Amino acid sequence: MEFSWILPQGDIDNIIHQARLAERYAFDSLLTISVNGYMDPWITATHVASKTDRIRLLVAQNTNYQLPMITAKAWNTLNLIAEGRIDINVVTGSSKIELGQITHVADHATRYRRTREFVELLNKIQQGPVTFLGEFFEASGAEVYPQPDPQSPGSLFLAGSSEEAMDSAAAYADCYLIYAQEPGEVAEQFARFRERAKVYGRQPRCGLVIDVISRETSAEAWAAAEALESSFGLIDKRMARLYQNSSDSVGISRNRVLNKKENLRLQANLWAGLAQVSTAQSLSIVGSYVEVADTIRLYQSVGADCFLFSGSTGKEELQRLGERVLPLIR
């Protein structure tokens with residue numbers, strides 16, 4: 001299994017502190033997010049790389065905001081600077097409101113055709129000079145500089161729950177990412193994805209984005225979840241509903257369903273409370289250190305190879321994961 005920590009927004013000192021902690025606890029990578037409320041993922045990743053030694057950086061890249069050639073140049077340049085520690089996470093974007101603040105908002109199908117073409121051209125550029133004429137991008141004898149290091153070119157992650165995202169990941173990605181769902185739903189989605197990848201003769205990894213609330217005992221963990229829920233304000237909940245209603249993302253549409261449930265405790269150690277306020281992941285693993293480790297193993301048993309963790313209750317969650325949970329799994 002591979003473990004990644006999602007870096008927070010805001011205070012750069014806190015970001016570096018968490019990056020160094022994650023490296024100390026032998027996390028495999030750190031995710032820098034590409035949404036309007038966060039700092040630029042490439043610049044953040046460059047700074048984090050300069051302050052760490054071994055941990056990989058997974059840089060989110062929204063296909064609505066960038067050209068494949070520029071992405072390839074940035075990826076290869078930072079990989080050269082960071083000695084081969086850079087991967088990218090291709091995302092398509094979901095909220096019409098957020099996308100509209102920066103660029104023209106196309107419909108869901110059009111955005112995913114763009115993403116498919118983006119990763120196809122990115123892949124071709126990384127392999128050598130390319131001439132390409134598509135619906136969204138074109139290139140004539142294009143060649144990227146610097147070229148990727150053949151020994152450590154980096155991995156391409158692709159996120160999305162829709163059929164279009166699944167097919168693009170099956171064709172081009174090294175790892176396919178989705179927001180966590182209940183284990184049975186994850187098993188079904190990953191099984192369908194792996195069957196689709198076989199059509200392309202490929203075997204990509206599969207990963208989950210999920211929150212964690214871990215404590216010494218189950219009662220303490222659930223008390224922390226309840227305290228977090230009590231801090232959710234009406235404005236935060238309304239803004240989350242507005243975002244969810246403005247999004248045509250398949251993954252985020254599941255948040256709308258969860259948000260309507262009376263009982264947000266889905267299983268013994270799964271809580272959907274974040275669906276009330278989050279614009280991204282909605283599920284948290286909640287429990288004792290042993291219970292959290294067991295739930296991670298459960299997700300592994302249904303097909304998850306990679307886990308991207310967040311800590312909604314605060315930065316101390318990273319330390320608990322590193323000191324008390326991951327040693328039970330490794």
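Nothing fancy with the numbering, it's 1 onward along the sequence. Quick caveat, the model's predicted, so the values are computed rather than measured.
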Side-chain donor or acceptor of Glu23 paired with backbone N/O of Asp53 under 3.5 Å: yes

Pairwise side chain to side chain donor-acceptor pair (under 3.5 Å) hits with a residue in residues 195-204, at least two apart: Arg116-Tyr200, Glu163-Arg196, Asp167-Tyr200, Glu195-Lys198

Linked, directly or transitively: Ile70 and Leu57 (ILVMFWY side chains, under 4.5 Å): yes

Leu298 with Val290, same ILVMFWY side-chain cluster at under 4.5 Å: no

Donor-acceptor under 3.5 Å (Thr52 side chain, Ile55 main chain): no

Test side chain to side chain contact (heavy atoms under 4.5 Å, CB included) applied to Arg320 and Val325, step by step: CA-CA 7 Å; Arg320 296 187 190 99; Val325 176; 5.8 Å; no

Heavy-atom side-chain contact between Ser312 and Leu274 under 4.5 Å: yes

Minimum side-chain heavy-atom gap Lys124-Phe132 below 4.5 Å: yes

Option among Leu158, Thr63, Asn62 that satisfies the side chain to side chain contact (heavy atoms under 4.5 Å, CB included) test with Phe118: Thr63

Ala74: side-chain contact (heavy atoms from CB on, under 4.5 Å) partners, not counting sequence neighbours: Trp42

Thr71 and Gln61 side chains, donor-acceptor separation under 3.5 Å: yes

Salt bridge present between Arg85 and Asp149 (N-O < 4.0 angstrom): no

Ring geometry between Tyr112 and His108 (parallel below 30°, tilted from 30 to 60°, perpendicular above 60°): tilted

Contacts of Ser4 that satisfy side chain to side chain donor-acceptor pair (under 3.5 Å) - sequence neighbours left out: Ser29

Any donor-acceptor N or O pair under 3.5 Å, side chains Glu216, Tyr289: no

Leu7 backbone acceptor or donor facing Gln18 side chain under 3.5 Å: no

Sequence-distant partners of Phe157, ring pair (Phe, Tyr, Trp, His ring centres under 6.0 Å), two or more places apart: none

Lys73 side-chain N/O to Tyr145 backbone N/O, donor-acceptor pair under 3.5 Å: yes

Hphob cluster co-occupancy, Leu321 + Leu328, side-chain heavy atoms under 4.5 angstrom: yes

Within residues 128-142 or reaching into it, pairs that qualify as side chain to side chain donor-acceptor pair (under 3.5 Å) - sequence neighbours excluded: Arg113-Glu135

Donor-acceptor side-chain pairing of Ser168 and Thr115 below 3.5 angstrom: no

Derivation of the side chain to side chain contact (heavy atoms under 4.5 Å, CB included) call for Glu229 and Leu264: CA-CA 11 Å; Glu229 185 172 18; Leu264 297 175; 4.0 Å; yes

Criterion side chain to side chain donor-acceptor pair (under 3.5 Å) on Asp305 and Gln300, from CA distance to verdict: CA-CA 6 Å; Asp305 307 300; Gln300 181 192 27; over 6 Å; no

Residue pairs passing the ring pair (Phe, Tyr, Trp, His ring centres under 6.0 Å) test where at least one lies in residues 158-177, sequence neighbours excluded: Tyr176-Phe193

Trace of the salt bridge (charged side-chain N to carboxylate O under 4.0 Å, His left out) decision for Asp87 with Arg56: CA-CA 7 Å; Asp87 305 311; Arg56 301 189 67 81; 2.8 Å; yes

Lys NZ or Arg CZ of Arg265 over Trp222 ring: under 6.0 Å, within 45°: yes

Lys/Arg-Asp/Glu bridge criterion (N-O < 4.0 Å) met for Asp174, Arg205: no

Pairwise distance CD1(Ile285) to CH2(Trp271) - rounded to 0.5 angstrom: 13.5 Å

Arg114/Glu164 ion pair, N-O < 4.0 Å: no

